[in-house]
Amino acid sequence: MTAATTAAGQLFVPFYGTSANGFNQPPRGWNSYGMQSRAGTSFTLNQADVQSQCDLLNATAGYTLCSLDSGWSADGGDQFGRLVPNTSLFPNLTALANNLHSQGKLLGIYALPGALSADAGVTVEGTNIKLGSLFDTSQPSYNLRQTFDFSKDGVQQWHNSVVNNWASMGVDYIKLDYMTPGSPDANEDLPANNSLAAVAYHKAIQQASRPMRLDLSWKLDRNSAADFFLWRGNADGLRLDQDINNANQGMFLGFNTVQRAIEQYRSFINQQEEDPARQGTPIMIRPDMDNMYTGNAQSLTGLSDVQRYTVAIHWVGAGANLITGSDLSQLDTLGRELLYDSEFLSVADFTAQYPMQPKNPFGTASPGSQASEQLQAWIAGPNTDNKNAVVVLANYGPDLGQGGFGGNLQGVQLVNISLSLLGIAEDQPNGAPGWSVRRVLGGGGSGGGDHSDLGITRSSIASFLGPGESVLYYLTASN
């Protein structure tokens, strides 16, 4: 990749590579957790209700993953200590998978590291090893489970057996939750570091009969480079934040946790872009910013329409997992656009290769830097031939307590950044004499209509944005 000098130093363009299990795009789909944890819902995590939701996924737009969250499995394993469905809820998981596959869709499931403690007396499939002899009893048990001593013969065989059994059922995606270091506020005494579970699952996936994604959750502590490089070498997705939804409330979420999720992504991409050991090397693991709640009106989602735009723009701009938690039976017109608009998804294809990084606009403390700010600009790309880039401008509104920026600017604000601060001005290696600007999507409608060409800029990009409002532009180099 090339570098460009800006007021803040060199511009290193972050880019994604092939993940550990062989994927080059983030997943798109639906996850059950928001629906099953919302107060007053008629949805039940069972085979019929999941099938009804997933039948509504638009596979033509790439939304193919149907992901079951916590609660699908039984509290006891099978004869080999493997996690299996709660048959009172999912009487035939294989039939569900087959139905999804016939629609060009995929099945995802949820698991925790370790094995069920009550299965200590069973024998690992294909061996004479008792499962309990593999447990690391120096670590606490949690959520009916015990972690493993990964040095012991039999541990990998058990993971292989588990993944092979899921493969035979038609599973395509594994969300491995309660990973440590991380998983704050889990209300459990968790093992200090169970990262080796990711290694065991990765090895099991590699020998399985069908490809699978592995997503590690939740809010993984990324301060240890050793842990991060282990995760990125074995998994495909990495959860950056705690749950953003409101459990046991009538609306899915508030904008305070959206601000927090965006701040967590800013921290993640800065770690990739600012670390000399990572510059110029592919990011092999995708950021998981938790479920998108953009599909339903404010009365259900809890976000205004402007804020829904901001979620969609930032999740797409990050090249993150595009997994919605919305009620697909109640999508409104805006919800369908934010999920399925073809031009917006073409931008998602671009940012799936080149994720956005922050560049502070004029009026902030250090224009061109990558600090957390209420008024923010982002740039994705340019691509290797400097032909295209994506620019996002945002006004997050006053910090609601978890945004990281601490600002309290009220009302509409001008968000203005030069091409030079973005690193794409004419005299910069990533630059061009001018850039043709197309407004793809924006929340409040200021600065022109969506899906419209705004002409060529040779100096700056700017927009007046209200609290919670964002706008996304697609740029094409021009003479």
Side-chain angles (χ1 to χ4, degrees), residues 16 24-31 56-65 258 261-262 265 269 286-298 301 303-326 328 331-357 376-383 387-395 415 435-454 461 463 465 468-476:
Y16 289 119
N24 291 300
Q25 295 278 339
R28 298 176 188 171
W30 173 87
N31 174 263
L56 299 172
L57 276 172
N58 185 345
T60 303
Y63 278 78
T64 57
L65 178 63
V258 173
I262 293 170
Y265 170 73
I269 200 65
R286 299 278 170 173
D288 178 352
M289 296 171 69
D290 201 10
N291 296 336
M292 300 184 300
Y293 295 93
T294 58
N296 306 129
Q298 184 169 7
T301 296
L303 301 179
S304 69
D305 286 354
V306 166
Q307 293 167 343
R308 290 164 68 193
Y309 275 101
T310 286
V311 170
I313 285 170
H314 283 75
W315 267 239
V316 164
N321 292 358
L322 301 183
I323 300 177
T324 185
S326 299
L328 298 178
L331 296 183
D332 61 5
T333 300
L334 176 58
R336 284 187 287 273
E337 179 179 20
L338 296 180
L339 288 172
Y340 301 141
D341 177 76
S342 59
E343 184 176 18
F344 191 40
L345 290 178
S346 72
V347 173
D349 290 338
F350 181 90
T351 54
Q353 300 177 67
Y354 303 99
M356 66 183 188
Q357 60 178 303
Q376 189 60 273
W378 302 78
I379 182 166
N383 45 7
K387 291 277 181 72
N388 299 101
V390 170
V391 172
V392 170
L393 304 180
N395 172 9
V415 183
W435 292 87
S436 177
V437 180
R438 181 169 175 83
R439 178 190 171 107
V440 177
L441 215 60
S446 61
D450 290 350
H451 308 292
S452 63
D453 294 317
L454 304 184
I461 299 176
S463 185
L465 301 174
E469 185 178 356
S470 304
V471 59
L472 182 146
Y473 304 100
Y474 188 74
L475 277 58
T476 303

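Keep in mind it's a predicted model, so treat the numbers as computed, not measured.
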Task: Separation of Thr60 OG1 from Tyr340 OH (nearest 0.5 Å) - done: 10.0 Å

- [ ] Enter the distance from Tyr354:OH to Asn383:CG here, rounded to the nearest 0.5 Å.
- [x] 5.0 Å

TODO: Locate the shortest heavy-atom distance separating Pro355 from Ala318; write the atom from each residue and the value.
DONE: CB-O, 3.4 Å

- [ ] Dump the intermediate steps for side chain to side chain donor-acceptor pair (under 3.5 Å) on Thr476 and Ser436, then the final yes or no.
- [x] CA-CA 5 Å; Thr476 303; Ser436 177; 5.5 Å; no

TODO: Calculate, to the nearest 0.5 Å, the distance between atoms CD and CD belonging to Gln353 and Gln25 respectively.
DONE: 7.0 Å

Task: Closest contact, heavy atoms only, Pro27 versus Leu65 - done: CB-CD2, 4.2 Å

Task: Residue pair Ile379 / Leu475, side-chain heavy-atom distance below 4.5 Å - done: no

TODO: Under the side chain to side chain contact (heavy atoms under 4.5 Å, CB included) rule, what do Thr301 and Gln307 come out as? Steps first, then yes or no, please.
DONE: CA-CA 10 Å; Thr301 296; Gln307 293 167 343; over 6 Å; no

Task: Evaluation steps, side chain to side chain contact (heavy atoms under 4.5 Å, CB included), between Gln376 and Leu393 - done: CA-CA 6 Å; Gln376 189 60 273; Leu393 304 180; over 6 Å; no

- [ ] Kindly give the heavy-atom pair with the smallest separation between Trp435 and Lys387, and that separation in Å.
- [x] CZ3-O, 3.7 Å

TODO: For Asp332 and Arg308, work out which heavy atoms get closest and say how close.
DONE: OD1-NH2, 2.7 Å

Open item on the list: With rounding to the nearest 0.5 angstrom, report the CG to CH2 distance, Asn291 to Trp315.
Closed with: 9.5 Å

Open item on the list: With heavy-atom distances below 4.5 Å as the criterion, would you say the side chains of Tyr474 and Phe350 are in contact?
Closed with: yes

Open item on the list: As a test of understanding, state which of Val471, Ile313, Val347 forms a side chain to side chain contact (heavy atoms under 4.5 Å, CB included) with Val440.
Closed with: Val347

Task: Inter-residue atom distance Met356.CE - His314.NE2, 0.5 Å rounding - done: 4.5 Å

- [ ] Looking only at non-hydrogen atoms, find the nearest pair between Gly468 and Thr310 and report the distance.
- [x] O-OG1, 2.6 Å

Open item on the list: Measuring only between side-chain heavy atoms, which start at C-beta, is Ile262 closer than 4.5 Å to Trp378?
Closed with: yes

- [ ] Test side chain to side chain contact (heavy atoms under 4.5 Å, CB included) on Val311 and Tyr293 and set out the steps.
- [x] CA-CA 8 Å; Val311 170; Tyr293 295 93; over 6 Å; no

Task: Sidechain-backbone polar pair: Asn31 side chain, Ile323 backbone, donor-acceptor under 3.5 Å - done: no

Open item on the list: Side chains of Met292 and Leu338, heavy atoms from C-beta outward: is any pair under 4.5 Å?
Closed with: no

TODO: Decide yes or no on side chain to side chain contact (heavy atoms under 4.5 Å, CB included) for Phe344 and Glu337, but give the supporting numbers first.
DONE: CA-CA 8 Å; Phe344 191 40; Glu337 179 179 20; over 6 Å; no

Task: Residues that Arg28 engages under salt bridge (charged side-chain N to carboxylate O under 4.0 Å, His left out), provided they are two or more places apart - done: Asp349

Task: Gap separating the CG atom of Leu472 from the OG1 atom of Thr351, nearest 0.5 angstrom - done: 8.0 Å

Open item on the list: Any heavy-atom pair between the side chains of Leu454 and Tyr473 that's under 4.5 Å?
Closed with: yes

Open item on the list: Using every non-hydrogen atom in the two residues, find where Pro26 and Arg286 come nearest and quote the distance to one decimal.
Closed with: CD-NH1, 3.7 Å

- [ ] Would you mind reporting whether Glu343 and Asp450 have side-chain heavy atoms less than 4.5 Å apart?
- [x] no

